[in-house]
Structure formats: C-alpha cells, structure tokens
Trainee: 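Here it is, the structure, as structure tokens.
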Amino acid sequence: MRFRVSLIPTLKEAPVEAHTVSHRLMLRAGLIRPLGSGIYTWLPLGLKTLRKVENIVREEMDAAGAQEVLMPAVQPAELWRESGRWDHYGKELLRIRDRHEREFCFGPTHEEVITDLARRELKSYRQLPVNFYQIQTKFRDEIRPRFGIMRGREFLMKDAYSFDMDTAGLEVTYRSMYDTYGRIFRRCGLRFRPVEADTGSIGGSASHEFHVLASSGEDVIVSCSHCNYAANLEKAISAPLLAPPNPEGDAPMRLVETPGQKSIQEVSTFLKVETRRLIKTLVVEGDGQACLLLLRGDHELNPIKAAAALGVRNLVIPEGSRIAELTGGLPVGFIGPVQTDLPIVADYALEGTSGMACGGNAPDRHWIGVTLGRDLPTPRFADLHNVVQDDPCPRCGPGLLSLDRGIEVGHVFKLGDKYSKALGVSVLDPDGKERTPIMGCYGIGVSRIVAAAIEQNHDDNGIIWPVALAPFEVEILLANPNEPLALQTAEALYAELRSRGIGVLLDDRDERLGIKFKDADLLGCPLRVVAGGRALKEGKVELQIRRTGEAIPVEIPQATATILERLQTLLHAESKG
RNA sequence: CGGGGUGUGGCUCAGUCUGGUAGAGCACAGCGUUCGGGUCGCUGGGGUCGUGAGUUCGAAUCUCGCCACCCCGACCA
C-alpha cells in the first residue's frame, strides 16, 4: 500500500475524551474514527489488523473441526421469548420494530438462533458432535461504553456453539476449544492467561476466561506462583487462612469508647489493633431480606460470592439512610454482630478467631476482645471475600497467590441443556430414544483483541504490533521521493517484498523524514526500512526494529532475505504466549 | 439510571465570571526555505460558538428547556 494515496489520517494530538492508551493510539494512528457513543468506523489500517485477527481465529476454528456459518444480526423477539430472555436480558438488548410493529432485537449473542437451527436440522446422534461458529457484528447497548474499541456497543465477535450427546462428549469438545483458544492467542503474539471464571448470567456448569495481560486491564486475575491454578477475582479462593494471633487471651469482651471512629482504618489506628483483627460488619439486602455479613477488617467483600452464599439473585448494599432503618437508627461505622436480631453470615477467615474488635451497636462504641461462638452465637460461615496478594493457594501447598490485571478476550462455557431444552432440540440416540444435546459456547472478542494487543504492546511513541497482527509487516520510508536513486531503491524493495507475500507500506509522501519517522513509530509496523539518505550513500538501506529500536545497515541485495529472516525470528519469539 | 464534567473551524484549546466587530497553535491550500526525528517564514481558505426558546438596544458570554459526548459506579467478548 502506498501512503500517499491511502487514508491514514494520523493525528499529532488525540481528542480529549480518549484516555485509554489503546483508544488514543487507535485514533492517532488513524485505525478508527468514532461515529457515536461506542460505535466506530474501521479505517483501512485498522481493518487490516482486524482481518488478521479474524483470519487467525477462522483458521484455528476450522482446524479444530468447527464449521463456519453466518447468522442474522437481527433476530425476531419470538425466539427470545421462547428462551425466556426477552424479559430477562434487560436494557443491553437493543430492541427494534419493523414496519408491521413486529418486535426484533439486534443480536447481542446467538444462542437462540443457533439452537433454533439445531432443532430444525439435527435429528440423529450420527450428526453429533458438531460445533458451529460465526464471526459477526454484535450490538450490546452497554450502559456506559468506554475505552474505545475495548468496550464498544457494536463489536466484532467470534461465537461458537457446540452440541454433544452427553456431558462426556462436551468435556472433549470443551477441552478442544480450550486448547484452540491457546493456539489462537499464541499465534496473535499476545501474553495471555486462561483462568477459571464465574459462569454468571449465561448459566452453565464450568467456564474459563482468557485474559490478555496488561496493566491497564479492567479485570483482576489471580494465579498461583507454584502450580497452574488461576481464576478471576470473582471466583478465586484461597486455602484456609490462619486466625490472627490474639494477645488478649481469653479476656472477656468489653465495650470501649471510639468517638467518631468509623472506618476500619480509623478504628485500627485509634484502638491500636491491626486491621486483620477487626470484624468488618456490612448490612446487605438480598431479595429484600436484610442480613449482616462479617469480614476480616483487611478484606473486601466479593458480592458475587455473597449473593451465592445467601442464595439470592440480587444483592444490594443499601445507602446509609436505609441501613439506619434496618438497624434501628445506627450510624454506619458502629454496627456489629453482638446483640443483633439480623441474621449473620461470616467469612471463613473469621472461623476460629478470638479477641477481635467490632462495632458496638451504639454510637461511638466498639467491642474489643470478641470471640465468635462465645460472645455471640456461632454464625454460618461462607466464602465472602476477595483473595488478596500472597494468600495461600487452594490447590497446592507452597504456592502463594498473586494478582494481575487482564483484559478478557475469550470465554468458554459448558452451557449444558439450558437452551437445547428450552427450545426443544432433540436427536435420536442409537437406541432410537430422544435425547437433548448438551451445549457449549465459546466467544472471542475479535475487535477487542485489536485494542488489547495495543494495550499490551506500545511505548511512548506509539504502537508496537506483534508481527502476526501488524497491518503491514514492513514499512519502507522513502527518505526523499525526489531523489531518483532512493525512489528506485524503495520501489524495487517494495515490489520484491510484495512478491514474497509480505505486507508492505511504502511511505512515499513528499514529507520530511522526521515526519515519516514519527508516523512510523505511531503506526507500529514491526520492521521498517529507510531507503535513501546516509545509508544509501554506502549502497545500503537501514533496517530498523520497532520494538527494540535497533538500526541495522544492510547491503541492498541482501535486504529482502534479511527482512524475511528477521520477521521469522520475531514471529517465533512472539508466539510463545 | 445515579453522581461529576464538556460542547467555540478537522484536532488541541483561549474567550464566558464582568454581554459590545469570533481568536491562537496544529492541520489544510499557495510561494519560498529546509531536508535522518513533527524545519522556518510569508500569504490564504475555513466557524449561524451543540440546539430551541427567553432576557437585552445588543448574547459564544445571562436564564430555562432539550440534545450529544466524556469521566466515576452496577453489565460483558
């Protein structure tokens, strides 16, 4: 591609509203342009990368035996009523009406459509297992789109749906998809980690997320230093924690004055008690029922675990005024589990503790020396808190857990028969009996991968594309288009590289070299070649490596071979995951 | 949806408090200069100041409504 005649509108400054690195760089490098909140046009360069991701995904899915289909983006409401999701999906579902006032939605996902196809077409166990996938534009009317492409409303997604005769079959398919995902992200040149995940609202029995590691990631993922245990924070657990030492011994509990000391930190400092020896008491309402949750002072509540422990669908942390209503007028900060009528669930970390401090259930008072089971009835225990850095691993002895940030780019689910049952898919087994196939579903955020790759691979000057995702593997900087020898050298190299199947961008603009360097840094092609200027005087071109900044003079006849070799080396180094 | 913020040439912003002839830098066009890290100079084109109403002799500026976008929380690939 020739720069001079291409739409590559680079920007010196990014619009103020873009804060995230990938969002800014995608705008500045001229990969995308916004059209509305959370919706973007992909410009030529951005689309090149998007297609590269798409092709890697397609090749690996095909290699895994999945079959590509393309389902409608617009789906009739009827189908969604059958699965029950028309009423339950909520406002993320973009609902539309046609001229006859019939209701439709713009598909945020395609379980209904694929299951409808399955019930029409799948009749026999001989047709199973099957796995269908598509690469499709989806729309989710996010409450708050942000971070550009990373969390847009319209996005490109690969979604796959498998059908097996039984759970043993699903197990095999699931494992195959899990392995395929590893291959996909390795080929993309991304550092990633698969983690155990909560199954969330989609339902199902097991699930893994694939995260691209990046300090700017929205999600926290937990992994063991010693074994391969890894989970997202919502799901991660630790081995049982030791009770903090109790210097008070068996001393009876007593009420002390703590004027104005509300927060854990304030109480800890005021009473000279470590935060892990405080009991944090939270008032929550689950499906309308109020309850006290007890955590160690140095721990944070995990609402998903709490909702599961209470067996409720919606867990609400009420506002201060509502809390006062529920506790008979107590100010937040002095609520405690001693002498209360509210039901109590305590975190496992409090099991076996003694001599703890907690709210006094009276303004400006706290209890100290409190022991569960002695000073109040032994509560029900459950896992309620987020694991913290260096907690012991639940799977292995010596391992400690560490927390990292990640961007979720893939998700695999064992769905079970939720949709196949609701929509009535059935096939005959070898004995002629009707059976409901077991489903799995497997998503990859194709457009999100583009943003995630930038989050993980950039510097102050711009993008540093992994070879596999670069819009062009090589950019040739023609130092001066008015110098015949430079022009001839650049054109010859351009033609030769292209004939070898290498993607090349030729910066043939009549601009100063400095501008071309700046733009080349921004665009992030892994290799670039300077044709002209000082190197050419010695019969050479200068090969530059974007990631390292290395500059290597190369004899012109050797240029193509050197470039091919360097690309191979980079590609190899980057595909280790 | 709740809380906070912003709308002024393509981009970044000043001007708004205190009403009085719409500005700068970048980008764009032309000329010259320069030519391995966003050269320098001159000239030029481009804005009904988000939108509707109101107050006023006069509104980018004051008042009210609406719209859009961004940031912080619950959703998810």
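This is a predicted model, so every value here is computed, not measured. Heavy atoms only: backbone and side chains are in, while hydrogens, waters and symmetry mates are out.
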Trainee: Is it the case that the side chains of A/H385 and A/D347 hold a donor-acceptor pair, with the cut-off being a distance below 3.5 Å and no angle test?
Mentor: yes
Trainee: Just to be sure I understand the rule, does A/G549 reach a base, reach only the sugar-phosphate, or reach nothing, if contact means heavy atoms closer than 4.0 Å?
Mentor: nothing
Trainee: For B/rU39, does OP1 or OP2 lie under 4.0 Å from any side-chain N or O of A/R512?
Mentor: yes
Trainee: When you get a sec, tell me which of B/rG37, B/rA27, B/rC76 is the closest nucleotide to the side chain of A/R448?
Mentor: B/rC76
Trainee: Would you measure the distance from the P atom in B/rG9 across to the matching atom in B/rG50 and give it in whole Å?
Mentor: 8 Å
Trainee: Quick check, are the ring centers of A/F132 and A/Y161 under 6.0 angstrom apart?
Mentor: no
Trainee: Just name whichever nucleotide pairs with B/rG36, Watson-Crick or G-U, keeping both distances under 3.5 Å, else none.
Mentor: none
Trainee: For A/E13 and B/rC13, give me the distance from atom CD to atom P, rounded to whole Å.
Mentor: 8 Å
Trainee: Counting the atoms with a prime plus P, OP1 and OP2 as sugar-phosphate, which does A/G533 contact under 4.0 Å by heavy atoms, base, sugar-phosphate, or nothing?
Mentor: base
Trainee: According to the Watson-Crick and G-U wobble definitions, with both distances under 3.5 Å, which nucleotide is paired to B/rA53?
Mentor: B/rU63
Trainee: Determine the Euclidean distance between corresponding C1' atoms of B/rA22 and B/rC13; express it in Å to zero decimal places.
Mentor: 14 Å
Trainee: If you check every side-chain atom of A/L513, which of B/rG38, B/rU12, B/rG36 has the closest atom?
Mentor: B/rG36
Trainee: Are OP1 or OP2 of B/rA77 and a side-chain N or O of A/T109 less than 4.0 angstrom apart?
Mentor: no
Trainee: Is B/rC26 paired to anything, Watson-Crick or G-U wobble with both distances less than 3.5 Å, and if yes, which nucleotide?
Mentor: B/rG10
Trainee: Work out how far the C1' atom of B/rC49 is from that of B/rA14, and round it to whole angstrom.
Mentor: 13 Å
Trainee: Going by heavy atoms in the side chains, are A/Q544 and A/V529 under 4.5 Å from each other?
Mentor: no
Trainee: Distance between the C1' atoms of B/rC57 and B/rC70, in whole angstroms?
Mentor: 39 Å
Trainee: A/E234 CD to B/rC75 P: how many Å, rounded?
Mentor: 8 Å
Trainee: Classify A/D219 by what it touches in the nucleic acid, base, sugar-phosphate, or nothing, heavy-atom distance under 4.0 Å.
Mentor: base
Trainee: Name the closest nucleotide to the A/S37 side chain, picking from B/rU39, B/rC69, B/rC75.
Mentor: B/rC69
Trainee: Taking only the C1' atom of each, what is the distance from B/rA59 to B/rC1 in whole angstrom?
Mentor: 35 Å
Trainee: Any donor-acceptor pair, under 3.5 Å, between the side chain of A/R146 and the base of B/rC70, if you only look at N and O atoms?
Mentor: no
Trainee: Grab the CD1-P distance between A/I449 and B/rC76 for me, whole Å please.
Mentor: 20 Å
Trainee: With rounding to whole Å, what would you report as the distance between B/rG15 and B/rA60 at their C1' atoms?
Mentor: 8 Å
Trainee: Taking the side chain of A/K12 as its heavy atoms from C-beta onward, which of B/rC75, B/rG36, B/rG38 lies nearest to it?
Mentor: B/rG38
Trainee: Using a distance-only test with no angle check, is there a side-chain donor-acceptor pair under 3.5 angstrom linking A/K138 and A/H110?
Mentor: yes
Trainee: May I ask you to decide whether A/E475 forms a salt bridge with A/K516, counting only side-chain N to carboxylate O separations under 4.0 Å?
Mentor: no
Trainee: Please classify the nucleic acid contact of A/A14 as base, sugar-phosphate, or nothing, using heavy-atom distances under 4.0 Å.
Mentor: sugar-phosphate
Trainee: Output the rounded distance in Å from CZ (A/R85) to P (B/rC76).
Mentor: 11 Å
Trainee: Base, sugar-phosphate, or nothing: which does A/D159 touch, judged by heavy atoms less than 4.0 Å apart?
Mentor: nothing
Trainee: Compare the aromatic ring of A/F155 with the six-membered base ring of B/rA77 and state whether they stack according to the 5.5 Å and 30° rule.
Mentor: yes
Trainee: When all nucleic acid strands are considered with a 4.0 Å heavy-atom cut-off, which category describes A/E542: base, sugar-phosphate, or nothing?
Mentor: base
Trainee: Looking for any heavy atom pair under 4.0 Å, which part of the strands does A/R528 touch: base, sugar-phosphate only, or nothing?
Mentor: base
Trainee: Does B/rC1 have a Watson-Crick or wobble partner in any strand here, with both distances under 3.5 angstrom, and which is it?
Mentor: B/rG73
Trainee: Select from A/E154 and A/P15 the residue whose nearest nucleotide in RNA chain B is closer to the 5' end of that strand.
Mentor: A/P15
Trainee: What about A/R151, does its side chain sit under 3.5 Å from the base of B/rC75 through a donor-acceptor pair?
Mentor: yes
Trainee: Do A/Y419 and A/S83 have side-chain atoms, one donor and one acceptor, less than 3.5 Å apart?
Mentor: no
Trainee: Does the base of B/rG38 carry an N or O that pairs as donor and acceptor with the side chain of A/E511 under 3.5 Å?
Mentor: no
Trainee: Hey, which sits more toward the 5' end of RNA chain B by its nearest nucleotide, A/F210 or A/G38?
Mentor: A/G38
Trainee: Given the C1' atoms of B/rU55 and B/rC71, what is the spacing between them in whole Å?
Mentor: 34 Å
Trainee: So A/Q544, base contact, sugar-phosphate only, or nothing? Heavy-atom distance under 4.0 Å.
Mentor: base
Trainee: Would you call the rings of A/Y40 and A/H23 parallel, tilted or perpendicular, where under 30° means parallel and over 60° means perpendicular?
Mentor: perpendicular
Trainee: Can you tell me how far P in B/rU16 sits from the matching atom in B/rG23, rounded to whole Å?
Mentor: 15 Å
Trainee: Quick one: A/I8 CD1 to B/rG10 P, roughly how many Å, whole number?
Mentor: 23 Å
Trainee: I need the A/I407 CD1 to A/R151 CZ distance, nearest 0.5 Å.
Mentor: 11.0 Å
Trainee: Can you tell which of B/rA77, B/rG38, B/rG25 lies closest to the side chain of A/H411?
Mentor: B/rA77
Trainee: Please classify the nucleic acid contact of A/L11 as base, sugar-phosphate, or nothing, using heavy-atom distances under 4.0 Å.
Mentor: nothing
